[in-house]
There are 2 protein chains.
Amino acid sequence: MKLSTRGNYGLRAVYELTRHYGQGPLTIRQISERQNIPLKYLEQLLHRLKKSGIIESVRGPTGGYALADDPANFSVGDILRVLEGPLHLSGCIRSHDSDHCLRHERCISNILWSEIEKKFAEVLDDISLTDLTKLDGNQKAKLMIR
Amino acid sequence: MKLSTRGNYGLRAVYELTRHYGQGPLTIRQISERQNIPLKYLEQLLHRLKKSGIIESVRGPTGGYALADDPANFSVGDILRVLEGPLHLSGCIRSHDSDHCLRHERCISNILWSEIEKKFAEVLDDISLTDLTKLDGNQKAKLMIR
DNA sequence: AATATACCTGACTGAAATAGTCAAGTATAA
DNA sequence: TTATACTTGACTATTTCAGTCAGGTATATT
């Protein structure tokens, strides 16, 4: 059970955009260098984030990427859903609405996983991008007491 | 971001053992048939669960597998940690103690992920195997109000 | 003692996802 | 015009997953 690098990289990229919010766009190269992310790989991630409306791009020289809205309005969950797909942990192996599922009261999967997914989503959606900038140094207390 | 079938299958297997707790061992075949899990694949999962002390085996005819302790003493997290590896979502891509990490105050990964992992673990460890047997029918309320 | 039934072990494999790379575009501010 | 940016799609090596296969060892029953 682990996240791919996409979520990790993407979150770090968005973190840079959050720090730079309101100060114009950052280029892919700048983000790549500051967070040590392979440039061409980062392109893919930023494209997906743009398509989903989390970031905007400005073309041409002096262009780059910027958050599409205030950092406080985006959560860690928003970013991960875009890059990692839905937070769907696991479900019934068989198709959800099959007769087998309905007849078989022993199949515990659906109820259990949907409950767990719900709680996981709560955790991730409770952390905003603004919160990330408060993780530096000793200020991480804010996140911990929740 | 998704769990493998191992966690799903394994949890369903343990669920059968929980229902049968105190009534002697269940054979691999019985578990396999009741939860529709490939028999030889199930063997692997049960072996890992045994090695980690969650279940016990009895050899010979009339033998099989049984929980090693009261179901209330095991959590969903215990099972998943064995079958899915540690709930380690992601960390710094680079080695944890490298100079790079220490010098680079922009690296947000470690603090963030460790906090999220901690909360995920709380969710999973808060659900005991006994709770699973209460998921049937309308009795799922117990899990939901937590 | 034989044997059927169980557990135990390791090697193997097809399919899919990851983690990137490579090449060639299109748009636009200077 | 052109340098710099974003955009798109195809490609690939590696790893993990999900499951199979073949055989081995232990033991309660007969």
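These numbers come from a predicted model, not from an experiment. So that the names make sense, note that chain A is the first sequence line, chain B the second, and so on, each numbered from 1.
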Practice prompt. I would like to know whether A/Thr18 and A/Leu132 meet side chain to side chain contact (heavy atoms under 4.5 Å, CB included); could you show each step before the answer?
Written response: CA-CA 9 Å; A/Thr18 299; A/Leu132 294 191; 5.9 Å; no
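Using a 4.5 Å heavy-atom cutoff, the side chains of A/Ile127 and B/Ile116 are in contact. Between A/Leu67 and A/Glu56, the closest side-chain pair of non-hydrogen atoms is not below 4.5 Å.
Taking side-chain N and O atoms only, A/Thr5 has a distance below 4.0 Å to OP1 or OP2 of C/dA19. Between B/Tyr9 and the phosphate of D/dA18, there is no side-chain N or O to OP1/OP2 separation shorter than 4.0 Å. OP1 or OP2 of C/dT5 has not a single side-chain nitrogen or oxygen of B/Thr27 nearer than 4.0 Å.
Computed from coordinates, the A/Gln30 CD to D/dC6 P distance equals 9 Å when rounded to whole Å. Atom CZ in B/Arg29 sits about 10 Å away from atom C1' in C/dA6, given to the nearest Å. Atom CZ of A/Arg6 and atom C1' of D/dT16 are 14 Å apart (whole Å). One can place CD1 of B/Ile28 at 12 Å from P of C/dT9, the figure rounded to the nearest angstrom. One can place OH of A/Tyr65 at 8 Å from C1' of D/dT7, the figure rounded to the nearest angstrom. Between B/Asn8 atom CG and D/dG19 atom C1' there is a gap of 15 Å when expressed in whole angstrom units.
The backbone N or O of B/Thr5 sits nowhere less than 3.5 Å from a side-chain atom of B/Asn8 that would complete a donor-acceptor pair.
Using cut-offs of 30° and 60° on the angle between ring planes, the pair B/Phe120 and A/Phe120 is parallel.
Salt bridge B/Asp125/B/Lys118: absent, no basic N to carboxylate O contact under 4.0 Å. At a threshold of 4.0 Å, the pair A/Glu122-A/Lys119 does not count as salt-bridged, since none of the basic side-chain nitrogens sits closer than that to a carboxylate oxygen.
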Show each protein N/O and nucleotides 26-30 of chain C N/O combination with a separation under 3.5 Å, one pair to a line.
from   : atom 1 : to      : atom 2 : distance (Å)
C/dT26 : O2     : A/Arg59 : NH2    : 3.4
C/dA27 : O4'    : A/Arg59 : NE     : 3.4
C/dA27 : O4'    : A/Arg59 : NH2    : 3.3

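The hydrophobic cluster containing A/Tyr41 also contains A/Tyr15, counting ILVMFWY residues as joined when their side-chain heavy atoms lie under 4.5 angstrom apart, directly or transitively.
Applying the ring pair (Phe, Tyr, Trp, His ring centres under 6.0 Å) rule to pairs touching residues 63-84 of chain A yields nothing, sequence neighbours excluded.
Only A/Pro38, A/Lys40, A/Tyr41, A/Gln44, listed by number, bring a heavy atom of residues 37-52 of chain A to less than 4.0 angstrom from any atom of DNA chain C.
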